[in-house]
Amino acid sequence: MDRILIAGNWKMNKDAKGTIDFAKKIKKYSFNEGDEVCLIPPFTDLKILKDELDGTNIKIGAQNCHFEDNGAYTGEISSEMLKEIGVEFCIVGHSERREYFGETDKSCNKKIIKLLEKGITPILCVGEKEDIREAGAEQSLISKQLGEAFIGIKQADVPKVIIAYEPIWAIGTGKTATPEQAQEMSAFIRGFMSGLFSEAIGECMMILYGGSVKPENARDILRQRDINGALVGGASLDPKSLYELVKISADLKK
Ligand code: 13P
């Protein structure tokens, strides 16, 4: 695999002090120029992290955004505001936002369109709950999530979107998908995108796996043909384990 991205989703964790502490520790490790790393802290830590990581090749991402530039949307943050502080990635449709905050495929679509307009890379999350998998309906659910999220996206923009396959049953549970399950679904996603747009587009999509990824299981997941990286929750909160994940990626790219 020529590209492997390690994206750390901190969710609602770390205050300013914790963020500065993390940044100071992660800067002590040496990264290669080709390492692709992105940290996705809470909104309040974005600027702090951006400033602390200045001069490194670690990028920053946001966990959500609104699909308008500004206006009467109390409590929301726009992609325009994110762009202003140097955010390069933004998660769209994380399962926690879908489940607790009413995120829909339609709102994901609007956010992707707006983020692309601003030049921010959307990381679209898709994935199924355990009962859907038990019913053998995971591929049809993911087809629906992808189909709706990509409505009206120009062909040339499609490969700018990163897709993260995160089976909900594997998030924060310690119960990771097997490398075979993760590969099977990533190959399915690639094939679906080929069908929706073209084989060339399907082939160049970046597809991440997320769900209890940690240094102990990352190698077997990241070496799969159709997996281009990981969206990591818990393990990205610790500088050492984040660094280990980046080193595993660098090894696999050799
Ligand atoms: P965990 O790695 O903690 O399971 O979280 C995965 C996730 O939801 C990343 O977005």
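We count ligands from 1, going down the list as the structure has it; atoms in each ligand are counted the same way. Side-chain atoms are counted along with the backbone in the values below, which use heavy atoms only and exclude waters and symmetry mates. On a predicted model such as this, the values are computed, not experimentally measured, just so you know.
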Fill in: D21 with K25: basic N within carboxylate O range, under 4.0 Å
yes

Practice prompt. Enumerate the residue pairs fulfilling side chain to side chain donor-acceptor pair (under 3.5 Å) with a member in residues 30-41, sequence neighbours excluded, ordered by first and then second residue.
Written response: R3-E36

Fill in: Close side-chain approach of I162 and L231, heavy atoms under 4.5 Å
no

Discussion item. Under a plain distance cut-off of 3.5 Å, with no hydrogens placed, do S107 and E103 share a side-chain donor-acceptor pair?
Written reply: yes

Fill in: With sequence neighbours excluded, residues passing ring-ring contact (aromatic ring centres under 6.0 Å, His included) with F22
W10

Worksheet item: What pairs with W169 under ring-ring contact (aromatic ring centres under 6.0 Å, His included), at least two apart in sequence or on another chain?
Response: none

So what's ligand 1 close to, N/O to N/O, under 3.5 Å?
residue: ligand 1; atom: 2 (O); partner: S212; partner atom: N; Å: 3.4
residue: ligand 1; atom: 2 (O); partner: G233; partner atom: N; Å: 2.9
residue: ligand 1; atom: 3 (O); partner: G234; partner atom: N; Å: 2.9
residue: ligand 1; atom: 4 (O); partner: G172; partner atom: N; Å: 2.6
residue: ligand 1; atom: 4 (O); partner: S212; partner atom: N; Å: 2.8
residue: ligand 1; atom: 5 (O); partner: K11; partner atom: NZ; Å: 3.2
residue: ligand 1; atom: 8 (O); partner: K11; partner atom: NZ; Å: 2.8
residue: ligand 1; atom: 8 (O); partner: H94; partner atom: NE2; Å: 2.8
residue: ligand 1; atom: 8 (O); partner: E166; partner atom: OE1; Å: 3.4
residue: ligand 1; atom: 10 (O); partner: N9; partner atom: ND2; Å: 3.0
residue: ligand 1; atom: 10 (O); partner: H94; partner atom: NE2; Å: 2.9
residue: ligand 1; atom: 10 (O); partner: E166; partner atom: OE1; Å: 3.2
residue: ligand 1; atom: 10 (O); partner: E166; partner atom: OE2; Å: 2.9

